[in-house]
Amino acid sequence: MSAHLERARALLAEHPVVDGHNDLPWALREQVRYDLDRRDIATDQSAHLHTDLPRLRAGGVGAQFWSVYTRSDYAGDAAVSSTLEQIDVVRQLLARHPGELAPAASADEMEKARAEGRIASLMGAEGGHSINNSLATLRALYTLGVRYMTLTHNDTIDWADSATDEPRHGGLSAFGEEVVREMNRIGMLVDLSHVSADTMRDALRVSEAPVIFSHSSARAVCDHPRNIPDDVLAALPGNGGVAMATFVPKFVLPAAVEWTRRADENMRAHGLHHLDTTEAGMRVQRAFEEAHPRPVATPATVADHLDHMREVAGVDHLGIGGDFDGTAFLPQGLDSVAGYPNLIAELLRRGWSDADLAKLTWQNAVRVLRDAETVAAGLGARRGPSNATIEQLDGPATADSGH
């Protein structure tokens, strides 16, 4: 494998990884309430985080979509404020590390950052609850630099069904379709990770621009509702979108699905949110893992998904979205942002060409954002901002923004 690893590192030097999803901002909120002196990512943070600047460099990362996620049990104005705080900490990180991190809000700015040897830093909002049923709030997030929005997180919202909650709309409501159209108009990528299969299909039907899956893998390989069914993968070439394979063991390794369900139950039994990454939360997770050894995924596990996704969607529609700092457990060899060369080496071992890998790591993600910008330029010339409300489109009984 060492020759493959050497080749992988050389390839990443030329075509670095665009990673679709990293939850560092939320980890910084949970662990130190955004005290960046206590979690200085310029130094090794491996005791606390999956992410820091030295390991991003070692991993060959050239662009990162930082998730400006807020929990889906935050509702209304609290969800909006929390999202704004997440955007603010990304801006603080950029201000603290200007030699390493470059703000990027377009495909051209991604390419410019790469030419300068800096890591292009983009933002993605995770969950439509972040806009509190307001298209004006959606536009405000775009103005602040957010370049994708995941339509739901783990919970079904007022206008879109989640993959991991009870459906209420059969996919997207009429207002949900209007959200997609407005995202197309302004140039914000529609992210279909976390949403139900029906929401995926509705979004693909409505969207005039390419969509993304910022961190999802193949349902045919691991039957988890967070993954993408084959019919949706097969529709991606017609849309021009990109599916970014994730590393989360419970989404990629069938044996990990049941183990994780029991680990989540254990967290809740201790009065903790199952996604809690505080020191107290991680102590509970580690104790459970000691008592119940977990099935371990590897780069080969993720490569199995990418092989299948390439077969169904084609290599022009693949990317990578690790979900670092958004999960308690990771595959062996992909346990931090330094691990991407191990995955690329495994794909080289399987016969992936340099040209295919360049598309996977860099080119497809840059192209999908550029295509969304092109669509937005055309739509913006033809129609103005939508001021539709959820009450107008879905009726007063369906709006529940106060929760």
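Heads up: numbering here begins at 1 and tracks the sequence.
- Listed for the Thr199 side chain is no donor-acceptor partner under 3.5 Å among the backbone atoms of Ala160.
- The aromatic rings of His153 and His194 are tilted relative to each other, their planes meeting at an angle between 30° and 60°.
- Classification of Arg168 and Asp155 as a salt-bridged pair fails, no side-chain N sitting under 4.0 Å from a carboxylate O.
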Item to check | Stepwise side-chain hydrogen bond (donor to acceptor under 3.5 Å, both in side chains) test for Trp26 and Ser67 | outcome: CA-CA 8 Å; Trp26 189 258; Ser67 175; over 6 Å; no
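- With values rounded to the nearest 0.5 angstrom, Met149 atom CE is found 11.5 Å from Leu189 atom CG.
- Interatomic distance, Phe65 CZ to Met123 CE, rounded to the nearest 0.5 Å: 11.0 Å.
- In this structure a side-chain-to-backbone donor-acceptor pair under 3.5 Å is present from His129 to Arg71.
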Checklist entry - Given the rule in the side-chain hydrogen bond (donor to acceptor under 3.5 Å, both in side chains) test, do Tyr34 and Asp88 qualify, once you have shown the distances and angles that lead to the verdict? => result CA-CA 10 Å; Tyr34 304 133; Asp88 182 71; over 6 Å; no
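- Pairs engaging residues 53-65 under the salt bridge (charged side-chain N to carboxylate O under 4.0 Å, His left out) rule: Asp52-Arg55, Arg57-Glu100 [sequence neighbours left out].
- We find the CD-CD distance between Glu109 and Glu116 to be 10.0 Å, quoted to the nearest 0.5 Å.
- Looking at His21 and Trp66, their side chains never come closer than 4.5 Å, going by heavy atoms from C-beta outward.
- Side-chain contact between Asp307 and Trp352 is present, with heavy atoms from C-beta onward closer than 4.5 Å.
- Side-chain contact between Leu24 and Leu49: present, with at least one pair of heavy atoms (C-beta onward) separated by less than 4.5 Å.
- Atom CZ of Arg294 and atom CD of Gln285 lie 10.0 Å apart (nearest 0.5 Å).
- Between the side chain of Asn364 and the backbone N or O of Lys359, at least one donor-acceptor pair lies under 3.5 Å.
- Under the side chain to side chain contact (heavy atoms under 4.5 Å, CB included) criterion, Ala63 pairs with Val18, Met110, Ala120, Leu122, Trp362, sequence neighbours left out.
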Item to check | Working for side-chain contact (heavy atoms from CB on, under 4.5 Å), residues Asp231 and Arg201 | outcome: CA-CA 9 Å; Asp231 70 291; Arg201 295 174 188 122; 2.8 Å; yes
Checklist entry - Are His308 and Asp230 close enough, and set up right, to give a side-chain hydrogen bond (donor to acceptor under 3.5 Å, both in side chains), and what steps lead you there? => result CA-CA 9 Å; His308 179 81; Asp230 273 4; 2.7 Å; yes
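- A side-chain donor-acceptor contact under 3.5 Å links Asp202 to the backbone of Leu172.
- Between the side chain of Arg219 and the main chain of Asn227, a donor-acceptor pair closer than 3.5 Å is present.
- Looking only at distances, a side-chain donor or acceptor of Trp259 sits under 3.5 Å from a matching main-chain atom of His292.
- Using modelled atom types, one finds no donor on one side chain facing an acceptor on the other under 3.5 Å when comparing Asn154 with Ser162.
- Thr43 and Gln45 are linked by a side-chain donor-acceptor pair at a separation below 3.5 angstrom, with hydrogens and angles left out of the test.
- Within the 4.5 Å cutoff, the side chain of Arg33 has no heavy atoms near those of the Asp35 side chain.
- Checking side-chain atoms of Ser217 against main-chain N and O of Thr246 turns up a donor-acceptor pair under 3.5 Å.
- Asn184 places a side-chain heavy atom less than 4.5 Å from the side chain of Val190.
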Checklist entry - Does the side-chain hydrogen bond (donor to acceptor under 3.5 Å, both in side chains) test come out yes or no for Trp159 and Asn133, once each step is laid out? => result CA-CA 8 Å; Trp159 46 268; Asn133 299 335; 3.2 Å; yes
Next on the checklist: Checking Glu290 against Arg286 for the salt bridge (charged side-chain N to carboxylate O under 4.0 Å, His left out) test, could you report, in this order, the C-alpha distance in whole Å, the side-chain angles of both residues, the deciding distance, and whether it holds?
Outcome noted: CA-CA 6 Å; Glu290 268 183 43; Arg286 281 191 289 270; over 6 Å; no
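- A salt bridge between Glu258 and Arg261 is present, with a side-chain N of the basic residue lying under 4.0 Å from a carboxylate O of the acidic one.
- Remark: the backbone N or O of Ile344 is not paired with any side-chain donor or acceptor of Arg7 at under 3.5 angstrom.
- Under 4.0 Å is where a charged nitrogen must lie from a carboxylate oxygen, and between Glu111 and Arg114 at least one such pair does.
- Contact check on Arg181 versus Glu178 returns a salt bridge, with a Lys/Arg side-chain nitrogen under 4.0 Å from an Asp/Glu carboxylate oxygen.
- Using a cut-off of 4.0 Å between Lys/Arg side-chain N and Asp/Glu carboxylate O, Glu182 and Arg185 are scored as salt-bridged.
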Checklist entry - Could you go step by step and tell me if Arg38 and Glu279 meet the salt bridge (charged side-chain N to carboxylate O under 4.0 Å, His left out) rule? => result CA-CA 14 Å; Arg38 286 178 60 199; Glu279 287 180 23; 5.5 Å; no
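- For the pair Thr298 and Thr301, the minimum side-chain heavy-atom distance is below 4.5 Å.
- Leu151 pairs in a side-chain contact (heavy atoms from CB on, under 4.5 Å) with only one of the listed residues (Asp191, Val180, Val211), which is Val180.
- Across all non-hydrogen atoms, the minimal contact from Asp198 to Gly170 is CB-O, 3.6 Å.
- At a threshold of 4.5 Å between non-hydrogen side-chain atoms, the residues Glu265 and Phe288 do not count as touching.
- Between Phe247 and Phe324, the ring planes lie perpendicular to each other; the angle is over 60°, past the 30° to 60° tilted range.
- In this structure, the side chain of Glu126 does not engage the main chain of Thr150 through any donor-acceptor pair within 3.5 Å.
- Inter-residue side-chain proximity for Leu36 and Leu93 is flagged as met; some heavy-atom pair is nearer than 4.5 Å.
- A distance of 12.0 Å separates CG in Asp77 from OG in Ser82, rounded to the nearest 0.5 Å.
- A distance-only check finds no donor-acceptor pair linking the side chain of Asn132 to the backbone of Ser134 [under 3.5 Å].
- Of the charged side-chain nitrogens involved, none lies within less than 4.0 Å of a carboxylate oxygen, so that Lys112 and Asp108 do not count as a salt-bridged pair.
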